[in-house]
Every structure is written in C-alpha cells, then in structure tokens.
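Basis for what follows: all heavy atoms, side chains included, without hydrogens, waters or symmetry-related copies. Positions are given from 1, in the same order as the sequence printed here.
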Amino acid sequence: MPKLTIDGREVEVEAGTTIMQAADLLGIEIPRFCYHERLAIAGNCRMCLVEVEKSPKPVASCAMPVGEGMVVKTDTPTVLKARKGVMEFLLINHPLDCPICDQGGECDLQDEAMAYGGDRGRYKEEKRAVKEKSYGPLVKPIMTRCIHCTRCVRFITDVAGVPELGGTFRGEHLEIGTYVEKALSSELSGNIIDLCPVGALTNKPYAFTARSWELKKTESIDVFDAVGANIRVDTRGNQVMRVIPRVNDDVNEEWLGDKSRFAVDGLLRQRLDRPYVRKDGKLVAVSWAEALAAVAGKLKSLEGGRIAALAGDMADAEAMVAAKDLFTKLGSANLDCRQDGARIGTGPRASYLFNTGIAGIEEADALLLIGTNPRKEAPVLNARIRKRYTKGKFPIASVGPRTNLTYKYQHLGAEAAVLAAIADGSHPFAATLKAAQKPMLVIGQGALARLDGDILLGLARKIAETCGLVKDGWNGFNVLHTAAARVGGLDLGFLPGSGGRDVEAILSGAEKGEIGLVYLLGADEIDTQRLGQAFVVYQGSHGDAGAHRADVILPGAAYTEKDATFVNTEGRVQQTRLAVFPPGEAKEDWKILRALAEQAGVDLGYNDLEGVRARLVAVNPVFAAEGPAAAAWGAFGAEGQPSSDPLESPIDNYYMTDPISRASQTMAECTATFVGCAHKRTGTNG
C-alpha cells in the first residue's frame with residue numbers, strides 16, 4: 001500500500017486510490033464539479049488541481065493515482081491561482097440566473113465561486129446561449145447554465161443503462177442533450193437532478209415552488225416499492241414539496257426511482273379527510289363516532305367466520321398487527337395481505353425474502369431471473385444488478401418477459417417448463433449456476449401470483465438446492481416483492497388462520513353472501529366488483545377503488561404523515577417519520593383500529609405507539625432486529641405440473657401502481673408520455 005504526504009500529513013492508502021480520495025480520507029477538501037464517487041472518472045472540469053512535487057504543472061487530483069512517496073500540496077498560491085483561473089473560465093458563459101434558479105442554496109457552483117470566484121469579470125464578449133430543450137415531464141433542462149461536467153451523461157449511460165444523453169458539437173459549441181429530441185425514458189432519470197452541480201437540470205414539477213432554505217427536512221422511507229429506499233421528505237407548512245434520496249449503501253446507495261421522487265403531488269389529490277357512511281346509496285360525511293359505531297355494530301352482528309380483512313400494499317406493520325389482533329379476537333381467521341393472491345408466506349422466512357441482500361448482488365457471479373422485470377418492479381435494485389454486470393463475469397438469464405433490462409441477458413423463454421429443466425440439470429444454464437461460486441436467482445410476483453405460483457416456488461427452491469445456490473455463508477434464493485407492506489405482513493402472519501379464507505376465497509365468499517363484512521386496510525388492487533352485497537369498510541388515504549365501493553370510509557394517513565414500520569424485500573425493518581400532519585380529520589391507521597376495537601368491545605392491550613411496537617416484537621422478534629435478520633432454510637413450495645401459460649411481469653405501467661401514484665398529475669403525464677407511446681408503437685392496449 002503506497003504512502004504519500006498531503007499538506008504535510010502522511011497517509012497510507014490502497015493502490016489505485018486517487019489523490020482526491022486520499023485527501024478525502026484526511027478530511028482535506030478539494031473542490032470538484034465533474035468528479036462523483038459513484039461515477040466513472042472524467043477529469044474534465046479541472047477544478048481539483050493540486051501541486052505534486054516534481055510535476056511541472058498542476059495535476060487533476062480526481063484522475064491521478066497515488067504513488068509511493070508522493071508529496072501533494074493543495075493550498076499553495078499556485079493551486080489557488082489555478083483554481084481561480086478555472087472558475088473564471090467556468091463563469092465566462094454562465095448566466096446570472098441565481099435569483100430565479102431552483103438550484104439556489106444547493107448549488108456547488110455558488111459555493112465554490114464564494115471561495116474561488118473573482119469580484120468582477122474580465123470577459124466582455126457576448127455569452128453563449130443554448131437552445132431550450134425538452135427531456136420530458138420530469139427533468140427541466142436549462143442548458144445555458146451547463147458547465148459540461150458530464151455527470152448526467154455518465155449516470156444515464158453507466159448507472160441507468162439508457163444511453164440517451166451525450167455531447168454534440170465541440171469546444172465552446174458543445175451541448176449536452178439527447179441526440180434526437182425525446183423524453184428521457186429511464187425510471188431513474190430524476191437522479192441527474194441531484195447529480196447536476198449547477199442549475200442546468202432541475203425538478204420540473206417542483207420548479208419555482210419553494211426555496212431550499214424554506215423547507216423542513218424529515219428523514220423517512222419510500223414505500224412505492226419493496227426496496228425501502230431511504231429518502232428525505234422536504235415540506236413547507238403542511239405540504240410535501242419534494243422527496244430526494246438519502247445515502248444508504250446497503251439499500252439504495254444514493255439513487256431513487258422516478259415514481260418515488262415525483263409521485264408526491266398525489267398526496268394532495270383525491271384525499272380522504274373525513275369519515276363517510278353510505279346512506280340511501282350515497283356516501284355522506286359523518287363524525288368519527290358515528291362512523292366507528294356503524295362499523296362496530298356490523299362487526300358485533302356477524303359471526304367471526306363471516307367477517308374478513310385484507311391489507312393493502314402500503315399498509316404499515318402497526319396497522320396490520322392491530323387489524324390482526326382485532327379480527328382474531330372477534331373470531332375471524334379470514335385475513336390476507338396478498339392482494340395479488342401470491343402463493344407465498346406459509347413456509348420459513350427464507351422462502352419469501354431477498355436472502356442475498358440488495359448489497360449482496362455485487363458479490364454474485366451468476367443470476368437467474370424468474371417471472372420478473374426488475375427494471376419496472378424495483379428500478380434501484382435493477383441498477384445494482386447492472387452495476388454488478390458492468391464489472392464482468394456475470395452471466396444473467398431470464399425466464400419470463402423479454403424486455404430491455406439495461407444489461408445483456410440470455411432469454412431462456414417464458415414457459416415454466418424451462419424451470420423444471422434447470423432444476424433437474426438438463427438445461428445448459430444449470431451448469432452455469434453450478435460452476436458459479438455465488439450464484440443467485442430472483443423470483444418475482446409475476447411467477448408467484450399465478451394459480452400455480454406455489455409450484456413455481458417449489459421449482460425455484462429445487463433450483464436453489466440442486467445448483468448450489470444455498471451454501472455456508474451464502475443464500476442465493478431471492479424473492480423480489482413489489483409491495484412495501486408484503487414482507488411485514490408475512491412476518492406478522494397476516495394470513496388465513498386455521499380454516500380461514502385467503503383473498504380469492506374472501507372475494508368468492510362475498511359474491512355468494514357467505515362473507516358479510518370485508519375490511520379493506522388500504523386494499524385497492526382487488527376486483528371490488530366481486531365484493532357482492534358485503535358490507536365494505538375502507539380505511540385508507542385516497543379515494544381510490546376501495547373507497548368507491550365502501551359502505552363506510554375511515555380516512556387514514558399516508559406514509560409521509562405517520563411514524564410507521566415497514567419491512568423491505570430483504571427483511572430490513574425500517575421506519576417512516578411524520579413529516580406533515582394528515583389532512584382534515586384523517587388519523588394514523590393503528591389509532592383508527594384501536595378506537596374501533598374499543599367500540600366493538602375488544603381490548604387490544606395497547607394504547608400508544610410504544611405499546612403497538614412492543615406488540616410487533618412480541619408477535620415476531622425480527623421487528624427488534626437492526627438490519628436483515630438471518631433466515632433459516634427449510635422446505636417450501638409445492639410439487640406438480642406448472643401451467644403452460646407464459647410468465648409475465650405483474651407491472652405494465654410503472655408510473656401508476658397504487659392510490660398515490662394514480663392520483664398524481666405528474667405520473668399521469670409520464671403515463672401519457674412513456675406508456676402511451678409504447679402502446680402506440682407495439683399496438684397493444686393500456
């Protein structure tokens with residue numbers, strides 16, 4: 001390991017480390033614009049110049065590897081003069097847009113200009129300007145401000161895997177843009193807003209709505225998919241203005257999917273802000289006391305076997321444990337958190353987790369995808385797969401839909417029979433998995449939510465066992481969930497009890513009149529027309545499908561409006577934080593269920609958030625664990641002949657998968673721009 005001296009301080013670093021990285025280890029700040037630790041080195045802004053002993057001129061520290069005995073100086077007059085010269089060149093054509101620029105207060109160029117900028121400009125010629133461009137409904141480009149750092153180009157090409165940005169022309173005529181004017185089609189496009197060190201790329205829906213210093217910042221968790229990306233919710237007053245990612249190397253690094261970032265305007269629309277009861281065929285606003293009394297009266301009038309509860313994809317663990325306790329004490333075993341009917345959750349915990357871990361993808365050396373399109377189901381996780389792919393020696397195969405995953409893979413077909421061939425070793429890809437040191441498979445809800453999902457789950461387990469995916473120190477069997485609430489619900493056992501009905505049996509029973517009351521805890525992805533004459537209670541935040549069918553509506557809080565627990569697809573327990581208060585008379589979900597239980601004469605045994613969370617731990621100790629808890633392997637799945645139907649992804653439209661995104665005007669524009677165009681090209685229906 002080479003040793004070098006930076007500003008008189010000696011440091012030992014790994015070979016291949018750059019001068020800038022070594023300086024960062026010592027806490028010595030070197031200004032930079034083009035350099036980013038998660039992107040390829042470009043070395044084109046020259047702001048990071050330093051002096052190196054015996055070098056005839058200043059060196060770009062971001063691109064210079066360290067050497068044994070190297071002596072570096074970062075604060076000499078020569079360095080200061082060089083950086084001031086670079087800053088002067090950068091500002092020659094940069095417009096004086098700071099008063100109207102959305103990057104104001106968060107701009108790297110502003111910060112560095114304070115340290116290295118001059119008090120007057122010497123450039124008297126006309127400034128260059130760039131024609132206005134359009135990147136679609138999410139990113140607002142003002143490329144006259146661009147300093148050509150190429151961070152956006154490197155991210156879109158290398159990380160997102162959709163090479164739609166690049167430079168055209170040369171010299172002072174260089175422009176960053178799409179080669180043919182079009183919208184950026186990556187589900188991760190919003191990350192170039194965070195990466196841009198100036199105001200050239202900004203958040204289009206957020207434009208001109210707030211200044212960064214006006215915003216209250218709350219650290220929270222994303223619930224639009226099952227990855228559980230760490231986010232920061234920025235609010236002004238009682239309104240969510242924007243959502244940006246937080247750094248968590250084990251989960252999302254510092255990236256965030258576009259739906260998670262831009263669908264927040266849906267939090268303002270179609271909100272349920274007061275209780276309703278259906279009277280004479282119409283929903284009428286009532287008091288909480290009247291609404292709860294109506295539900296409690298109906299619960300007490302029915303036997304336990306005639307009531308049922310379904311938990312939605314964004315239900316938090318506190319609400320689910322309260323609902324389970326309430327219905328169990330009322331004598332009902334008709335519970336299900338699997339709206340899509342996924343055949344999963346009855347086996348050991350390892351049978352429904354992403355056991356490798358999201359960060360563990362980088363250690364794998366072979367991958368089999370089964371019935372999943374991770375680019376739409378979990379864009380951030382898909383970026384991690386691509387990251388591993390770009391390092392090489394990572395064969396990937398897919399059994400399922402043929403689509404652009406942003407990396408090359410071998411499409412083995414869409415028939416389940418391929419899985420049987422891999423499991424018995426007769427398929428060539430079985431040899432690839434067996435030869436790998438750390439092979440993995442990912443089975444998605446497109447396989448598990450079928451009628452033969454338990455058979456496909458069993459085939460996936462056989463592949464894991466026969467091809468060496470499960471061994472000491474490595475578990476390559478992974479389930480990719482699409483619902484933020486799913487793993488938490490399975491951990492809590494929000495499943496049919498002894499003699500209980502699953503989601504299909506509940507809907508069938510409601511059609512036949514055997515189920516008299518169905519409680520929808522944010523459950524909107526079911527066929528509400530199959531609820532028949534059942535008395536339907538909908539508890540949720542938005543006026544979506546469930547609320548339209550409801551006989552009683554109990555307004556709940558969205559994920560930004562409560563302190564709530566979620567478990568991501570790898571089994572990591574995380575919590576959202578209250579950033580704004582629920583609108584109107586809406587309440588936190590577990591509080592509604594606690595009040596309903598009291599009306600129904602049921603004692604849940606807890607009255608505050610601490611009590612609910614203690615109950616979570618009592619039901620399953622994993623809720624007290626920090627990080628993903630190790631899950632024991634065991635038998636699961638079923639034997640049998642799978643259907644010949646092709647495997648498909650459960651998500652057709654990435655931008656609208658839940659009540660919040662369906663209420664979002666921005667997501668509606670994305671659907672029209674991307675999904676509508678795709679359907680026109682392929683001739684399919686939306």
Side-chain angles (χ1 to χ4, degrees), residues 1-91 106-118 147-155 157-159 191 194-198 246-250 253-255 359 362-363 384 387-388 390-393:
M1 293 174 64
K3 286 185 180 179
L4 71 157
T5 303
I6 305 178
D7 292 344
R9 298 166 61 186
E10 193 174 81
V11 62
E12 186 175 7
V13 295
E14 293 183 7
T17 302
T18 64
I19 294 174
M20 179 180 283
Q21 292 169 331
D24 287 344
L25 290 174
L26 290 173
I28 297 171
E29 184 179 347
I30 297 177
R32 78 286 304 264
F33 290 121
C34 69
Y35 175 80
H36 191 278
E37 57 269 20
R38 300 189 195 276
L39 302 178
I41 294 172
N44 54 10
C45 80
R46 318 311 286 179
M47 195 64 200
C48 64
L49 294 173
V50 297
E51 266 195 278
V52 178
E53 196 174 79
K54 298 179 183 179
S55 176
K57 58 183 179 180
V59 169
S61 61
C62 71
M64 174 62 74
V66 301
E68 180 64 39
M70 184 180 278
V71 178
V72 179
K73 295 178 181 178
T74 70
D75 57 357
T76 65
T78 300
V79 169
L80 183 61
K81 182 180 179 181
R83 291 176 184 171
K84 284 188 174 183
V86 171
M87 178 60 70
E88 187 173 14
F89 277 120
L90 288 175
L91 295 178
E106 301 173 314
C107 178
D108 293 350
L109 187 63
Q110 278 185 336
D111 296 341
E112 300 301 347
M114 286 293 294
Y116 301 102
I147 62 170
H148 305 150
C149 70
T150 69
R151 282 186 181 183
C152 57
V153 177
R154 285 174 281 151
F155 174 83
T157 303
D158 299 339
V159 179
N191 292 289
D194 302 330
L195 289 171
C196 185
V198 295
R246 286 189 293 129
V247 177
N248 186 328
D249 289 335
D250 292 333
E253 296 184 292
E254 58 185 88
W255 315 130
E362 297 185 35
E363 300 178 35
R384 187 83 74 148
K387 181 180 180 181
R388 173 62 188 88
T390 58
K391 294 178 181 177
K393 298 182 180 179

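- Here L25 contributes atom CG and R9 contributes atom CZ; the two are 10.5 Å apart, rounded to the nearest 0.5 Å.
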Between I41 and T18, is the side chain to side chain contact (heavy atoms under 4.5 Å, CB included) condition met? List the steps. CA-CA 10 Å; I41 294 172; T18 64; 4.0 Å; yes
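- With hydrogens and angles disregarded, a donor-acceptor distance shorter than 3.5 Å links the side chain of R154 to the backbone of A40.
- You'll find the side chain of K3 stays beyond 4.5 Å of the side chain of V13, heavy atoms only.
- The number of heavy atoms from other shown groups lying within 6.0 Å of NZ (K387) is above 12.
- No more than 12 heavy atoms of other residues, nucleotides or ligands lie within 6.0 Å of CD in E14, so this atom counts as exposed by the packing criterion.
- Considering CE of M64 and CD of Q21, their distance stands at 13.5 Å, rounded to 0.5 Å.
- Side chains of L195 and H36 form a contact here, defined as non-hydrogen atoms less than 4.5 Å apart.
- Closest approach of R388 and K393 over heavy atoms only: NH2-O, 3.2 Å.
- Summarising the geometry, atom CG belonging to N44 is positioned 10.0 Å from atom NE2 belonging to H148; distances are rounded to the nearest 0.5 Å.
- Atom CD of E29 is separated from atom CG of D75 by 12.5 Å, given to the nearest 0.5 angstrom.
- Under the 3.5 Å distance criterion, the side-chain polar atoms of T5 are left unmatched by any main-chain donor or acceptor of G8.
- Contact between P2 and E68 at its shortest, heavy atoms only, is CA-OE1, 3.1 Å.
- Within 6.0 Å of atom NZ in K391, more than 12 heavy atoms from other residues, nucleotides or ligands are found, so the atom counts as buried in its surroundings.
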Discussion item. If you apply the rule side chain to side chain contact (heavy atoms under 4.5 Å, CB included), what do you find for M87 with F33, and how did you get there?
Written reply: CA-CA 11 Å; M87 178 60 70; F33 290 121; 4.0 Å; yes
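- At least one donor-acceptor pair under 3.5 Å links the side chain of R32 to the backbone N or O of I30.
- The backbone N or O of T74 lies less than 3.5 Å from a partner atom in the side chain of D7, making a donor-acceptor pair.
- Across all their heavy atoms, C107 and P197 have their closest contact at SG-O, 3.7 Å.
- Of all the heavy atoms in C34 and C149, the pair that sits closest is CB-O, 3.5 Å.
- With a 6.0 Å radius and a threshold of 12 heavy atoms from other residues, nucleotides or ligands, M114 has its CE atom at or below the threshold.
- The two residues I6 and A23 make their nearest non-hydrogen contact at CD1-N, 3.7 Å.
- The only option from D249, D158, N191 that meets the side chain to side chain donor-acceptor pair (under 3.5 Å) definition with R38 turns out to be D249.
- By the 6.0 Å contact criterion, CD on E362 is enclosed, its count of non-hydrogen atoms from other residues, nucleotides or ligands being greater than 12.
- The distance from the NZ atom of K81 to the OG1 atom of T76 is 11.5 Å, given to the nearest 0.5 Å.
- At least one side-chain heavy atom of V72 sits less than 4.5 Å from a side-chain heavy atom of L4.
- In terms of heavy-atom proximity, C62 sits nearest to G43 at SG-CA, 3.8 Å.
- To the nearest 0.5 Å, atom CD of residue E253 and atom CZ of residue R384 are 4.0 Å apart.
- Although no hydrogens or angles enter the test, the distance criterion places no donor-acceptor pair under 3.5 Å between the side chain of T150 and the main chain of V153.
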Please walk me through it: do I147 and F89 pass side chain to side chain contact (heavy atoms under 4.5 Å, CB included)? CA-CA 10 Å; I147 62 170; F89 277 120; over 6 Å; no
Quick one: do M70 and I19 satisfy side chain to side chain contact (heavy atoms under 4.5 Å, CB included)? Show the steps, please. CA-CA 10 Å; M70 184 180 278; I19 294 174; 3.7 Å; yes
Assess the residue pair R151 and D194 against the criterion (salt bridge (Lys or Arg N to Asp or Glu O under 4.0 Å)); give the C-alpha distance rounded to whole Å, side-chain angles, the decisive distance to 0.1 Å, and a yes or no.
CA-CA 10 Å; R151 282 186 181 183; D194 302 330; over 6 Å; no
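- A donor-acceptor distance shorter than 3.5 angstrom exists from the side chain of S61 to the backbone of C48, with no hydrogens or angles considered.
- The shortest distance between side-chain heavy atoms of Y116 and M47 falls below 4.5 Å.
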